[in-house]
Structures are given as C-alpha cells and as structure tokens.
Amino acid sequence: MRGRLAAALANKLALFGGLITSLVALGVLAGPWLSPYSPTDADFLALLAPPSPAHPLGTDSFGRDVLTRILYGARVSFAVSVSGVLAAALIGTAAGLGAAWLGGLWSAIVMRVCDLLFSFPSFVLALFMMVVLGYGVANIAVAIALIYIPIFARLSRNMALLVRDEPYVQAAILIGQPTRSILMREILPNIAAPLFVQIALGVAFGIVIEAGLSFLGMGVQPPAPSLGAIMADGREYFSRAPWVLTLTGLAVSLALLGLNLLSDGIRDVMDPKLRAKL
Amino acid sequence: MSAEGMSAAAPLIAARDLVLDFHVKSAFGAAHGLRALDDVSLDVRPGEIVGLVGESGSGKTTLGKAILGAHRPGAGRILYRGTDIAALDGAGRRPFRREMQMVFQDPLSSFNPRFTIASSLALPLRLHRICPEDAIPATVAALLQRVGLRPEHAARYPHELSGGQLQRIAIARAISVTPSLIVADEAVSKLDVSVRAQVLNLLNRMNRETGVSLIFITHDLGVARFLCHRIAVMYFGRIVEIGPTAEIFANPRHPYTRSLLDARHGGSGHVATDADETALSIVDPARACNYAARCARRAPECLTARPRLDFDAAGHAAACFAPLPPASGESVT
Amino acid sequence: MSAAAPLLEVSNLCATFAGAGREVRAVRGASFTIEVGQTLGLIGESGSGKTVTGLAILRLLPAHASVSADRIAYRGENLAAMSDDEFRRLRGVELGMIFQDPAGSFNPAKRIGWHLREAIRRRGGEVERWEAEAGDMLREVGIRMPQRVLGAYPHQLSGGMLQRALIAMVFLLRPALIIADEPTTNLDNLVERQILALIRAHQAKVGAAILFVTHDLGIAGALCDRIAVMYAGEIVEIGPAAAVLERPLHPYAQGLLATSRSLERADAELHELPGEPGGVPPEQGCAFAPRCIHVMAACRERHPAMTEVEPGHGARCLLHER
Amino acid sequence: MTHHLVSRRLMMQLTGGAAGASILPFGGARAQAQTLRAGIAGFGVINTLDPMKASLIPEYYIMYGVFNALLKFNSKMEIVGDLAESYKTIDDKTLELKLRRGVKFQDGGDFTADDVKFSIERVADEKNASPNRSKVTPISEVKIIDPHTVRIMTKDPYGPLLNYLTNTRTGTQIVSRAAVTSMGQEAFARRPVGTGRYMVKDWKANEGVELTGFAGAFEGAPRFMSVNCPLIAEESSGMTAILGNQIDLTSTAPFADVPTLEKRTDIRVLKQAGLNTRYIALNNKRAPFDDVHFRRAVSMAFDRDVLVKAVLFGEGVASPSILPPAHWLDGALAANPAVKFDPAAARAEFAKSKYKAGQEGVMLVWGSNWWRRFGEIFVGQVNQVLGVKLTIQAMDFNAALARTRAGDYDAMVMGWLGLVDPDEYIGEMLGSKGFRNIHHYASEKMDGLLARARTEIDPKKRTAIYREAETLALEEMPVLPCFTSNVHNLIRSNLTGFEQFAYANFGDQFGNMKPG
Amino acid sequence: MGAFASGLTRTAQRFGGVVLIALLGAAAVFFALRAGQGDPALAALGDQATPEAVAAFRARWRLDDPLALQFGRWLAGAATGDFGASMVIASGEPIAQLIASRLPNTLFIGAYALALAISISLTAGVVAALRHGRFVDGAATSAAVLGISMPDFWLSYVLIYALALGLGLFPSYGFTAPSASFAGALYSGFLPALAIAAPMAAAFTRMLRTALLETLHRDHVRVARSLGHGERFVFVHHVFRNALIPYVTVIGLQVRYLLGGTVVVERIFGVNGLGSLMVDAAFARDYPLVQACALVFLVCVLIVNFAVDLVCAQLDPRRA
C-alpha cells in the first residue's frame with residue numbers, strides 16, 4: 001500500500017520534472033519569440049519598475065524587461081552549462097572507457113588526473129580557471145567541463161568494468177566483434193542511463209557554477225544576460241527592486257528543480273539491477 | 001562413436017600444459033596468486049563432446065575460457081588444428097574467433113538488453129559475412145526455427161523471453177557462424193528443471209547434425225553423463241581423472257571422482273570441510289597431490305610428489321598414486 | 001493448544017504483489033499441514049511461489065505484498081490473529097528459516113561471531129558463554145576451526161562455510177519448525193550433500209519439523225516425508241513422498257519425473273516438457289493447461305479443485321476430478 | 001553523533017547579549033560598546049598605509065585619521081591650519097608655516113619641523129616613485145627656520161601649493177622621520193606612525209584595519225578608543241551590514257538605495273554634491289578615438305542626464321566639463337554644444353570623421369557594479385545613435401590601468417574622487433606629462449595653459465586659465481566628461497559627530513563621533 | 001595481527017596516493033597559471049609601472065629564473081609551509097600568514113556546514129526511510145529536491161533578508177573568528193553555514209534515504225528478522241550501520257562542492273576566509289596567492305577524503 005503510493009509519487013514527480021524541464025527548454029529555445037523586448041536595449045524611463053502587465057516580472061536597473069532578460073539569460077546559462085557538461089561527458093566517457101578497456105598505464109594516468117581534478121573544490125577550480133583563462137563565456141564552459149570530466153570518466157570506467165564482465169560483452173568479444181563496435185554497441189548503450197542522469201545533474205550544477213561566477217563578476221560579461229549576471233545586478237538593487245533577484249532566483253530554482261526531478265526520473269526508469277550494483 | 005574411434009582422429013583443440021594464475025585477495029591476508037590452471041592438458045576431437053566436471057573454483061570455466069582466448073594462459077600451448085593460438089589476442093585471434101563460440105550460464109545476461117533478438121542474431125552473421133545482407137532476416141528466422149522457436153520471437157527483447165528460450169537462442173547464435181567448437185559453461189544450471197531437457201536435447205542434436213565439438217562445463221554429473229562422450233574431472237586447477245563417460249561412471253579411479261559419484265546418490269561422503277587443508281603440512285603444494293588434504297586414501301608420497309595422468313588403453317587416466325581398484329562393482333543407475 | 005493439532009496448519013494462503021499497474025498473484029490458495037518432526041518438501045520451478053509461501057508464513061514479505069489466508073495456525077494457535085510484535089517473538093525460536101543465499105544472509109559489516117552471539121542473545125541464552133556455545137555449534141555443522149570462522153567477516157568465507165555458519169545460527173535458536181529455502185542450490189554437490197546430512201542429523205537430534213523448499217526432485221525424495229508440488233502459485237499435487245515420486249498424479253509432476261528418469265537412464269533423447277514455465281496464469285481454467293499433453297477443453301474453462309485420489313495424496317487436475 | 005543546534009536564546013546568553021552588536025568581520029574579540037564599526041564599502045583591498053605610497057581612496061580613508069597634514073579644510077571648505085598653527089606668504093615663491101607646539105607622534109616622539117621637511121622630501125624623492133610626486137616637484141626647498149617654523153620654497157610661483165598641503169589625497173601627510181628611519185619603509189607602511197587621533201593596531205590587507213585611539217593626540221583623545229574598519233567589497237553588502245547593525249558607519253551608499261534609506265529612522269544618510277569627476281578615458285593615439293571628429297561625435301551621442309538617472313539614480317549632476325561644479329568659482333560653465341546630447345549633430349560630426357557605421361571599439365570597465373553600468377549605458381547609447389559597434393570588456397582595475405599605460409586600449413570608464421585642486425584634475429589628466437594622462441593626449445597649447453595656471457597664484461586668474469583649458473578640452477575632446485556624483489555616508493542614528501566633506505572624507509571624523 | 005599490519009600498509013598506501021595527488025596538484029596549479037594569460041609583474045604593478053620598476057619587480061620575485069627552478073623553489077617552500085609573499089593584495093606579506101589567518105575561518109564554516117548537513121540529513125533521511133511512502137517521506141523528499149534546487153548564493157540572500165534583516169535573528173554580515181569567540185563564531189557563522197549546508201543536506205538526505213531503503217531490502221535484514229530480532233535492533237545494526245557506508249562515501253564526494261561553496265558564501269556574508277581571499281586574489285591577479293589558495297583548498301579536500309576513506313574502511317571490512 002505504502003509502496004504503491006511512493007511509486008506513484010515518484011512517477012508523478014519525475015513527470016513533473018519532465019514537464020518543468022520541457023517548459024524551461026521551451027523558454028530557452030523560443031525565448032526570442034516569446035518576448036517583444038530586447039534583452040540589452042535599455043529603457044531609462046522605466047528603471048526598476050515593479051511587475052506590471054507590460055513587464056510581468058518588472059524591469060531591471062537598465063529598464064530592461066526582467067522576463068526577457070531571464071529568457072535570454074537562461075539561453076546563455078544553458079548554452080554554457082550544456083556545452084561544458086557535454087564536452088565533459090564526451091571527453092570523460094572516452095577517457096573512462098579507454099581506461100576500462102586498455103587498463104594498465106593508460107588507466108593509471110586517467111585515474112590520477114581524475115583524482116586530481118576531483119580533489120579541487122568545484123568552485124575553486126572554476127575560479128582558478130577564470131584566472132588562468134580570463135573571464136568569459138567559453139572559459140566558463142571549459143571550467144565546467146574540467147569539473148565534470150572526472151565524474152564522467154570515473155562513472156563510465158566503473159560501469160564499463162562492470163558491463164565488460166557481462167556475458168553478452170564476452171560473447172561479443174568471442175564472436176570477433178571489433179573493439180570499437182564493442183564499446184559503441186555493447187557497452188555504451190548499457191552505461192548510458194547513469195551517464196544521462198549525470199548529464200542532467202551536471203547541467204543543473206553547471207548553471208550554478210556559471211551563475212556563481214557571473215555573480216562574482218567573473219563570468220558572462222555585460223550587457224550579455226545570464227542568470228547569474230541578472231542576479232548579481234538584482235542583488236545590487238535588492239532593497240529597491242526585490243523582484244529582480246527574487247524572480248530570477250526562482251527561475252533558476254525552477255530550472256534546477258526540473259533537471260533534478262528529471263534526473264530522478266531517468267534514474268527510476270534505468271535498469272534497477274544496474275543501479276543496485278553501483 | 002566409440003572412444004577408440006575418436007582417438008584416431010587428430011584433435012581439433014589440444015591444450016598442452018596450461019598454467020594460469022589469478023591475483024586474488026585471500027581471506028586472511030594480502031593479495032596472492034591463485035593458480036587457476038595448474039599444468040592442464042586436454043584434447044578435444046572433432047565432433048566430440050567433452051565434459052568438464054568439478055566443483056566451483058576447480059578451474060573448469062577458466063580452462064574453457066582459456067581455450068576461447070578470454071583468458072591468456074601464463075604458460076602452455078593451445079593448438080587449434082595444430083596452430084598454437086595461446087599467445088594470440090586482438091587481431092591475431094580474430095581469424096579463430098568464428099571457429100569457437102561460447103554459451104553462457106545466465107541466458108538473460110548473454111544478450112545485450114538494448115537490442116532485439118533479431119539484432120543480436122544478425123550481428124555475427126553480418127560480421128562474418130555468413131549470408132548476404134538481404135538474406136539476414138530469413139537466416140535469423142531459420143536459426144530460430146532450428147532451435148524450436150518461432151520467427152516472431154526475433155522482434156522481442158531479451159527480458160521478454162524466458163530463460164529456456166534465451167538459452168536456445170544463445171545456442172542459435174553460437175551455431176550461426178558454423179563454429180567447430182562450442183564451449184557451454186553451465187549452460188543448463190540456471191534453467192528450470194522442466195526446460196533443462198529441451199536445451200540438453202538441442203545441444204545433443206546440434207552436435208549430431210553439425211558435427212560441432214562441445215566442451216560442456218557442468219557440476220552436474222547426471223547431465224554430463226547424458227551429453228558427453230568423455231568426461232574430465234577437475235579439482236583445484238588440475239584434471240584428476242579423464243576418460244570415456246561410461247568408464248568414468250562404471251569405473252572411477254580417483255577418490256575424488258568417486259566421492260562426486262557418491263554424492264549423486266545421496267551419500268554424504270565423509271564430512272570434509274574447507275578448513276581441512278590447513279591441518280596438513282604440505283611442504284610444496286606444487287609437488288603434492290592437490291586432493292591429498294581431503295583424501296581418505298592418502299599415502300605419504302601423496303604429500304611429496306605429484307601424481308601423473310597415465311592413460312590406459314581405453315583412454316582412461318587418473319592422477320592418483322593409490323587409485324581405486326577397477327570395476328569396484330558400483331552400479332550405475 | 002490441543003495435543004492433536006498439527007505443528008503448522010496453512011489453509012488457502014494467498015500472496016499478492018502490487019507491481020507497476022498490475023498485481024502479481026504469487027501464491028494462490030496454498031493449503032498444507034506439517035506435523036511435529038515431519039519434513040514437507042515444497043517443489044516447483046522458479047516463480048512457482050514456493051519461496052513466497054515460506055516468507056508469507058514468516059511474515060517476511062516486503063510491504064508491497066499482501067497476504068491472506070483462511071487459517072495459519074502454529075501448534076493450533078492462530079498466527080493471523082497475532083500482532084506483528086507478538087509474532088516477532090515466535091520468529092527464530094519457534095519458526096526458523098534458512099535462506100538460499102548464504103553470502104547475503106550475513107551483515108557484511110559484522111563478523112560471523114557477532115551474528116552468532118546475537119542469535120544466542122535472542123534466544124535468551126547465556127551470552128557470557130557465547131563463544132563456547134557458538135564454537136560447539138560450528139563444530140557440529142562440520143567446521144573444524146570455529147575460532148577462525150567466528151573472527152571472520154562474511155566476505156572472507158566460501159559459500160559452503162557461510163551456509164554452515166548460517167545453519168548454525170538458525171540451529172542456535174532451536175526452532176521447532178525450520179523453513180529451508182533451497183539451502184543448497186548455490187553449492188557444489190559434495191557440500192550440498194554434507195549440508196543436507198547436517199540438517200537431517202539435527203532434525204533427528206532435536207525433532208524439528210522442516211518445510212523444505214527445493215526444485216530438485218532427488219533431494220526432495222531423499223529428505224522428505226511428504227511432498228507438495230507447486231505450479232504457478234498453486235499446490236497442484238500433495239502426498240507422501242514415495243507416492244508422489246512413484247505415482248505422480250498431476251501431468252506436471254509426471255512430466256518432471258519423466259524428464260528426471262530419462263536423464264538417470266541416459267536416454268538418447270530426454271523427455272521434454274513442452275512450453276515455457278512462468279508467465280501470468282490464466283484468469284480461468286488450469287494454469288498448466290497450455291503446457292499439458294492431456295489438456296481437454298474443460299481445462300481451459302474450469303479451475304480444478306484439489307482432489308484426494310488415494311489417502312493423503314491428492315492433485316489439482318480435472319483428470320482426477322469426478 | 002547528532003549535532004544539536006544551539007537555540008538562539010542560548011546563543012544570545014553565550015555571547016552575552018552583545019552578540020547582535022559584536023559581529024565584526026574580523027578581530028571581533030575586542031568588540032565592546034566602545035568600538036566604532038566603520039565599514040569601507042565598495043573596496044576590497046588596502047595596499048599601504050604610508051601616505052607617500054598611497055593611491056587608493058580606502059587607504060586615505062584610514063590615513064585621514066592616522067595622520068595630520070600641515071593644513072586642512074574647515075566646514076566651509078576654507079583652508080585652515082592643522083599641524084601648522086598659522087601660515088603666511090612671504091613672497092610668490094615662499095610660504096612660511098608656524099608649527100603647533102607640543103604635538104606628539106603616536107610613538108611618543110616630538111613633532112618638529114624636521115619631520116615636515118622629511119615628509120615632503122620623501123614624496124619628492126624620485127626613488128620613492130610616489131604617485132603624488134608631481135605635486136611637490138615645484139618645491140625647491142623645505143627650509144627649517146627653527147624647530148617650529150618651516151619655509152616651503154618653490155622655483156616659480158605655485159598656485160596649488162596650499163591645496164597640496166591639506167589632509168586630502170595629497171600624500172603630504174606628516175610622518176615621523178624617526179619612525180620611518182628606525183622601522184624601514186615597508187614596516188612603516190604596515191604600522192604607520194602619525195600624529196592623528198588613531199593608531200593602527202592591526203591591518204589585514206583585504207580584510208580591514210583596526211584602529212585604537214591615541215590618548216596623547218593634540219586634538220584630544222577620541223571618544224571611541226577602538227575603531228574597526230572592515231573592507232566590504234560590495235556597496236550593497238555594506239548597506240546590508242549597517243541595516244543588520246553589524247556596522248555603524250559606511251564610507252559610501254549604493255546610489256539606487258539612497259531614497260529608501262532616507263526614509264529609515266535607524267539610519268541617517270549624509271549626502272552632498274561631491275568633489276569628483278567621472279568620465280570616459282579615450283586613447284587619443286589609436287583608432288577610432290584618434291579622430292577628433294569621432295570623439296566629438298561620440299560626446300554628443302549620449303545623454304549625460306540619462307547616466308545621472310540610470311547610473312547614479314539621480315545622486316549627482318551631469319557635468320559639462322572635467323572639473324566638478326564645486327571648482328567653478330565664477331559660476332557654471334556656459335553649456336557647450338559639444339557635451340549636449342544631440343543625435344543629429346552627433347551624426348553630422350560623425351560624417352566628418354574618417355570612420356563609418358559599424359566601426360568597432362572596446363570599452364574597458366572595472367570595479368564595482370555601477371562602473372560597469374556606466375560603461376554599458378554609455379556604449380548602448382552611442383551604438384544606437386551612431387550605429388557603431390562598441391563593446392564592453394570587464395577587468396580588474398590594475399589590469400585595466402596597466403593596459404592604458406601600455407597604450408593597449410580604446411576607451412575606459414574612469415573617475416577621480418577626493419581631489420581638491422583643478423590642477424589635480426585637469427592638469428594631471430590632460431597635461432602631456434600628467435600622471436593621470438592615460439589618454440596619450442598631448443597638446444602644446446594645453447600644456448602651455450596648464451603651466452600658466454600652475455604658476456598663477458591669484459585664484460581668479462587661475463580660474464580663468466582653467467576655463468580656457470576646459471574650453472580647449474571640449475574642443476578637442478580628449479576625454480568625455482560625464483558626471484559628478486554625490487558623496488554619501490550612512491550612519492546609525494544613535495551616533496553623532498560625523499561631518500561630511502565634499503571630497504569624501506572618513507577617518508578624520510572618527511575622533512569626533514559619539515553616541516547620542 | 002596480519003590483518004592489522006596489512007591495514008597499516010594500506011593506510012600508508014592511501015596516504016602515498018594523497019601525497020602524489022598533492023604533488024600533481026601543485027605542479028598543475030603552478031604551470032597552469034604560468035601558461036595562462038598575464039604577466040605577474042604587470043598585473044601586480046600597474047599603477048606606476050616603469051620598465052625599471054618591472055625589472056626590479058621581476059628580480060625581487062625571481063621571475064626570470066627558469067620555470068622549473070621557480071617551481072622547485074615554490075614547491076620546496078610550500079612543503080615547509082612557506083608559500084612566498086603576496087604580490088598584490090598585501091604586497092610583501094607572507095602568504096602563509098594570510099592563509100593561516102583565513103583558513104581557520106573557512107574550515108570552521110566548512111565543518112559547521114558539514115555538521116548542519118549531517119544532522120539535518122540524518123534526521124530527515126531516517127524519518128523518511130522509516131515512514132517510507134507516507135506523508136513525512138513525501139515532505140522530506142520534496143524538501144530535499146527543493147534544497148538541491150537552491151544555489152547557495154541565492155539561498156544566502158533569502159536567509160539574509162528573511163532571517164537576518166527580516167526577523168533579526170542572525171547577523172546579516174560579518175563573522176566572528178572562532179579563535180576570538182567560539183560561541184560568537186557559531187552564532188555569526190550560522191547563516192553562511194546553513195546556506196552551504198542546505199543543498200548538501202538535501203543531497204545527503206536523498207542518499208541516506210535511498211541507502212536505507214535499499215539496505216532494508218537486503219537479505220541479511222530479512223534473515224535478522226527471521227531470527228526474531230526486534231525492529232530497533234534490526235534497524236540499528238543491520239540497516240543503519242550498513243547504509244552509513246554509502247552515506248559516508250557520498251559525504252566524501254560532496255566535500256569538494258561543500259568547500260567550493262564557501263567561496264561565494266564567504267564573500268556574501270563577509271567571512272574573512274580562504275574563499276573570499278582567493279576571490280580577492282583572483283580579481284587582483286595576485287598569482288602567488290591564487291596559486292597557494294588553490295593548493296591549500298586541494299589539500300583540504302585530500303585530507304577530508306583521506307579521513308573519509310579511513311572511516312569507510314572502518315565501516316566496511318570489505319574495503320579495509
């Protein structure tokens with residue numbers, strides 16, 4: 001009885017997460033067509049205007065429509081986070097699979113590098129990379145990638161080591177399937193689910209990293225909007241225009257909520273046997 | 001087919017003096033090497049079914065996998081039709097891959113859960129160019145029919161089929177590339193009693209119809225007796241007795257074989273336990289009978305020398321200094 | 001508690017699992033009794049409900065399972081009427097269970113000795129003397145160096161050793177009824193025989209009754225007084241072991257025995273039972289009908305009742321219904 | 001295992017009830033009712049506490065209280081004596097100052113004329129590379145007449161001299177020769193010894209400074225014997241801190257919040273028109289700002305009132321020239337069309353330049369949020385009006401400044417706060433050798449005017465010369481003057497005694513503050 | 001005996017791994033910064049930089065030596081706790097001194113946050129698992145998801161405006177060093193610690209709940225029940241004890257997020273810790289200081305993870 005309730009609840013939550021993520025994704029993709037305003041053109045007659053029918057989420061300190069800024073800012077934040085995490089997923093998974101498959105020295109090198117990257121506090125690594133590479137959108141993506149590479153490498157290596165001993169992979173080897181085909185066809189699809197979970201979580205955390213850096217002023221540079229930059233600006237004017245920080249913060253939370261629930265959903269539908277082993 | 005007739009043919013596979021060590025963590029100390037195969041030799045002739053029998057950890061699966069190239073032996077040769085393939089891996093192995101296939105214990109995990117049966121069956125056909133691309137669906141359907149399944153099973157995913165069905169498909173996959181040897185590793189031990197017979201009959205039929213050799217790994221002597229022409233009994237990395245099936249059953253020589261046979265009949269044997277070995281002081285385990293610790297017939301030389309496998313005229317050999325007298329009168333049920 | 005009451009009486013036991021959107025009826029109306037000191041074999045394939053039956057009696061099924069029965073009585077006392085807490089007091093000391101997977105049966109973070117000591121404590125034994133008592137029991141189950149086993153963590157021991165230790169743990173509680181759920185399935189033949197011998201010896205010594213769950217006809221024949229054959233959650237045949245194995249009534253039991261016999265005889269072709277086990281049993285009619293070589297039209301419509309064909313030996317098959 | 005949260009009440013008991021008032025960003029141990037908590041908001045670092053070396057306003061905020069100069073401004077912004085009791089002009093090139101007697105340095109040493117000589121000469125010493133060196137280079141000699149009389153002699157008449165001897169951002173604050181010599185310059189910069197009412201007790205580079213009252217100060221022992229000056233990088237955090245009663249006084253206030261803060265009763269907002277200038281620095285040597293027509297076009301292409309409104313939220317005035325309004329001794333400069341927002345004129349002027357629509361350029365911004373806004377709004381307007389493509393690039397102030405000195409920049413937001421003499425503004429910014437001339441602007445005509453202004457003593461005549469210089473600057477437009485902002489302090493209402501000056505003073509007032 | 005000795009060896013091995021990573025980290029940090037953009041001299045001087053001044057600066061910091069030599073010198077210094085001197089922020093001040101004054105604050109906030117996260121998650125996770133599928137479980141699970149969805153800096157402002165400025169319960173800015181007043185540190189550090197802890201607590205809660213539920217269904221739990229052990233006994237010895245293993249492991253994995261979280265939160269709350277120091281250093285391009293901060297942070301994570309490893313080995317004999 002209880003179990004059923006929990007299952008239904010979990011399903012509903014995952015569904016809800018998918019719904020929110022779709023909504024956020026729609027906003028991110030269709031942002032430019034959803035709003036009549038420009039994200040960067042200032043309107044000095046409407047500085048820090050409270051929410052109104054014309055500006056549902058009010059205006060910021062440049063008189064720009066906050067909703068429009070959020071829609072465009074989310075594009076930037078998502079683009080940075082998604083590209084960073086996808087790059088990490090590609091590089092990390094390739095390195096991890098290589099480590100699992102080749103073993104030996106290669107595995108030792110990959111794992112030590114991962115240990116190293118993994119031992120930096122995540123935001124410290126991001127901050128450090130900003131000093132090394134300079135501020136800017138692309139460099140944030142690099143920092144996010146560096147934070148996530150060890151996660152993907154470790155995950156894919158450990159999973160691949162588990163899957164490698166599965167009879168169907170042994171069968172593929174014995175049947176003479178080439179290594180690349182074994183990795184791509186036999187192993188990758190069967191470790192994909194946790195990788196997808198990690199991508200969803202990574203995108204969520206990447207947004208936090210981007211926002212944090214932009215918040216400090218080391219991330220996306222004005223007038224380009226990003227969720228962190230909008231919040232940083234909103235924080236300056238919080239006492240006078242609390243809606244900028246609050247509503248943008250809520251938008252960030254909504255996006256993260258969606259991604260987190262979605263990753264839960266992916267986790268739930270993934271092979272429970274595999275999950276038990278992890 | 002008699003054993004004598006078999007011995008005349010050149011072996012398909014001849015394993016010679018294989019040694020293979022694993023590095024494992026032991027119960028009470030640091031890691032050490034475990035000798036999984038200790039100087040093992042085995043011939044398999046074309047069309048022959050050889051049973052590898054023994055307890056878990058005896059090395060029977062390791063031997064099967066070493067022959068297939070899944071483990072690389074530390075020493076020794078594996079001759080496939082006279083070519084030593086023991087040291088080959090990767091590209092060097094590939095030409096021999098098609099010749100040797102495996103059927104695993106767990107039917108469900110033998111198939112990639114992401115692909116349909118059709119897709120899993122088509123892959124080896126495509127890989128080894130067994131048939132033209134457009135003939136693949138028909139070939140898959142034919143394969144399924146051959147193992148007693150319907151063509152529509154091809155569209156299913158592994159988890160939608162039962163263990164018996166999957167094991168039959170695994171056999172179909174193995175024979176699809178017309179190999180000369182199939183290693184079946186405990187291929188029926190996870191199956192329900194009622195379908196076990198289906199799979200055993202199928203293996204038997206495939207052997208008869210295609211002439212494929214089988215190495216049949218099992219801990220179940222009854223199953224081995226039904227299927228195998230010859231049986232090799234393994235104990236802790238060594239073959240302790242080998243011979244034609246009927247001989248082994250009628251005339252076990254090695255005390256270990258005898259206790260295995262006894263166990264089938266509900267006798268409990270003597271209660272020997274895992275911890276026994278420590279009670280004995282064996283100076284050099286490599287130069288002692290590895291069954292000595294548990295052996296009721298232990299003689300002093302068992303602790304200092306290693307018994308050899310000496311074949312008699314019937315092709316029957318037991319590695320024992322004090323073998324059981326022949327034809328002890330034990331009835332074979 | 002009347003003297004005449006059987007040790008365990010189970011009537012119309014049903015167990016249902018709530019799955020994702022559908023219900024799985026794992027046990028469908030199982031009824032049997034076990035007398036003091038007697039061994040009942042519960043035979044069936046995987047998924048036939050035999051393990052669930054054992055767990056249901058001990059109230060060990062997970063929360064999403066619902067169990068119902070007309071009556072479950074231990075020594076004449078209705079177990080169904082007991083609260084969870086009252087029932088818990090019976091577990092272990094009256095109704096014990098030996099599980100299939102010895103490796104998973106021990107807490108991996110605790111030493112074997114801890115488990116045995118807690119078992120002694122649970123029974124109310126002298127905890128101060130636990131080491132001596134546990135050592136004696138381990139010796140009894142064939143472990144020659146108990147001290148080493150007591151100090152070991154589960155992952156440091158082999159399956160056979162663990163199963164012995166598990167059995168020792170159950171024995172330490174001295175239950176009157178032991179539910180043994182395929183206790184030897186994962187073990188090698190020799191060890192299997194030794195373990196069965198241990199169980200038998202213990203039974204002879206203390207007079208415990210055993211509900212022995214297995215898929216192996218040979219073991220059931222050697223060990224059991226009575227045998228119940230399960231198929232798709234139902235007991236399809238029940239009777240004295242010799243009768244069931246020599247004169248099986250139900251076509252399923254007949255098929256199993258034929259297969260087993262043809263293997264024993266090393267026939268050129270083994271006797272096969274057609275079809276596949278498992279699957280969802282049909283809403284009406286006999287669950288075995290799709291695989292039955294004697295199937296009749298009525299089999300697909302009418303659910304057969306348990307019919308006693310000879311004293312104490314009955315089957316659930318229309319062939320035997322009159 | 002489980003960690004129990006301590007209840008708030010217990011926490012209050014533990015911290016002795018003073019907890020609410022004692023949370024200081026550093027060194028909170030000495031937090032008592034006697035401690036004044038004066039947050040320096042909007043700045044994250046202090047590099048030195050040696051006046052000779054100082055260049056950042058937060059450094060001066062502290063030094064105003066640690067040191068005295070020879071002169072200072074009174075509340076009417078008149079120059080009066082500080083360490084000098086009185087001063088008189090002997091001739092055009094000689095100033096005589098009578099020094100206060102009985103003044104003690106914080107290390108107990110006596111203040112004498114020798115310290116004056118030492119303090120000024122070390123600023124002038126080329127080896128010391130003082131940012132304020134140019135202020136004292138016209139001085140030919142500091143002559144000690146007696147221990148309490150000095151004469152400052154200049155090569156030529158030197159107009160700004162009096163201003164440059166005040167306790168403002170001049171670097172001429174008086175240090176103890178004995179202390180500097182015995183401690184060495186580096187140690188002195190960390191634990192300076194002055195005559196002011198506060199001594200530096202502890203300084204952590206980017207945390208803040210702890211001051212302790214100097215009982216022997218000639219101005220008298222301060223009421224608050226202990227002052228904590230945390231550095232609060234964000235102006236908004238400074239506001240949060242004073243609202244949450246974690247500090248008592250701030251050096252600035254966020255412009256946007258001034259109206260809200262003025263409505264509160266627990267906080268008082270002190271504000272007035274500031275002595276400062278905010279402008280866009282242009283690289284006159286590099287495209288596109290090497291073209292005077294383009295510079296003029298840009299100047300007319302943005303609305304300074306919009307900047308005042310959107311950057312300062314009204315807390316300031318648009319500035320038609322480089323000098324802050326407070327320096328216009330004879331009334332405001334006549335409105336010059338070159339600094340008036342006029343899109344049509346801007347485009348017409350643009351047409352005369354060698355650049356076309358789509359021209360690119362990079363604007364460096366730095367510092368706290370409002371500087372960025374400044375750049376953003378400017379760029380946005382100019383791009384809109386001229387159809388050019390200016391972009392923003394943010395960086396650290398030091399990095400930006402390094403690029404301007406290397407000539408590797410197009411434009412940058414810039415400004416100077418707390419300067420008191422026109423020479424500090426226009427002379428340093430537009431003189432070809434001026435230390436604030438990062439614009440690579442060199443005009444003989446301008447240099448001539450500036451040199452004349454420097455040697456002019458008569459204030460009226462000086463003003464006239466600067467007027468001329470400013471008109472020339474509006475003609476050639478080497479920089480784009482933008483606005484002057486108000487200066488603000490926030491102070492908790494239970495404190496009094498802080499008198500605010502237009503040049504943004506701070507530490508000099510701690511000694512006057514008291515509860516009530 | 002033998003097990004003890006081998007346990008010791010393994011501890012030594014693990015420690016060797018820690019040292020190796022620390023060395024790799026030092027090299028990575030050093031060379032990455034030098035390979036990156038910016039001349040430390042120009043970045044540091046800026047204001048009055050004449051070529052002579054730059055040359056003097058380079059000579060003072062020995063920036064013209066071969067890179068490998070500079071690295072060796074730095075590493076040898078770092079090993080003895082001497083990180084050289086800050087170039088920009090506090091020119092000439094030994095970095096070790098700066099770090100020594102800042103690190104305790106960061107470690108305090110970090111440990112405080114960890115303690116908060118652990119106490120919250122232990123309570124919530126256990127309650128949720130015990131009341132699996134009931135309202136409390138749903139509430140705890142939902143709160144956990146919401147908690148993960150609150151980035152720390154955003155939560156910081158919510159806490160400042162709600163608890164500090166709104167209700168006046170806690171200070172809105174500033175931090176009393178634990179060395180000055182431990183109680184004051186607990187009080188003034190509460191909001192920053194909570195801002196860091198909340199997302200952590202959420203993640204820990206979810207982990208613990210999952211681990212508990214998974215452990216609840218393990219065979220040995222059922223075996224323990226079959227022996228008639230009481231529910232409390234079963235939960236404490238069979239479920240909780242074993243669920244602690246993945247729980248502690250996850251804590252080890254999250255430490256890097258936790259310490260990373262101090263950077264932004266310290267800045268918002270005006271905590272003078274290592275995080276805010278590093279931000280200042282980053283803004284000012286004070287290379288030696290950035291370098292040292294990054295390395296110290298790295299070593300902190302390594303040490304915590306080493307400790308977690310040892311705890312895990314204690315909890316899980318299979319890993320010993």
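Because only heavy atoms are used, hydrogens play no part in the values below, and waters and symmetry mates are left out as well, while side chains stay in.
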Checking B:S119 against chain A: side chain, backbone, both or neither under 4.5 Å from a heavy atom?
-> both
Checking B:F104 against chain A: side chain, backbone, both or neither under 4.5 Å from a heavy atom?
-> side chain
For B:L68, is it the side chain, the backbone, both or neither that has a heavy atom under 4.5 Å from a heavy atom of chain A?
-> both
Who wins among B:Q101, B:M102, B:Q105 for the most heavy-atom pairs under 4.5 Å with chain A?
-> B:Q101
Counting only heavy atoms closer than 4.5 Å, note whether B:H128 contacts chain A via side chain, backbone, both or neither.
-> side chain
Partner set under salt bridge (charged side-chain N to carboxylate O under 4.0 Å, His left out) for B:R77, not counting sequence neighbours | none
Roughly how far, to the nearest 0.5 Å, is CD1 of A:I109 from CE of A:M111?
-> 11.5 Å
Table please: side-chain donor-acceptor pairs of residues 14-21 of chain A below 3.5 Å, with sequence neighbours left out.
from: A:T21; atom 1: OG1; to: A:G17; atom 2: O; distance (Å): 2.7
from: A:T21; atom 1: OG1; to: A:G258; atom 2: O; distance (Å): 3.1

Between chain B and each of A:I173, A:L174, A:T179, count heavy-atom pairs under 4.5 Å; write down the option with the most.
-> A:L174
How about B:Y80 and B:F96: are their ring centroids closer than 6.0 Å?
-> yes
Taking the six-membered ring of A:Y168, is the NZ or CZ of B:R114 close enough (under 6.0 Å from the centre) and on axis enough (within 45°)?
-> no
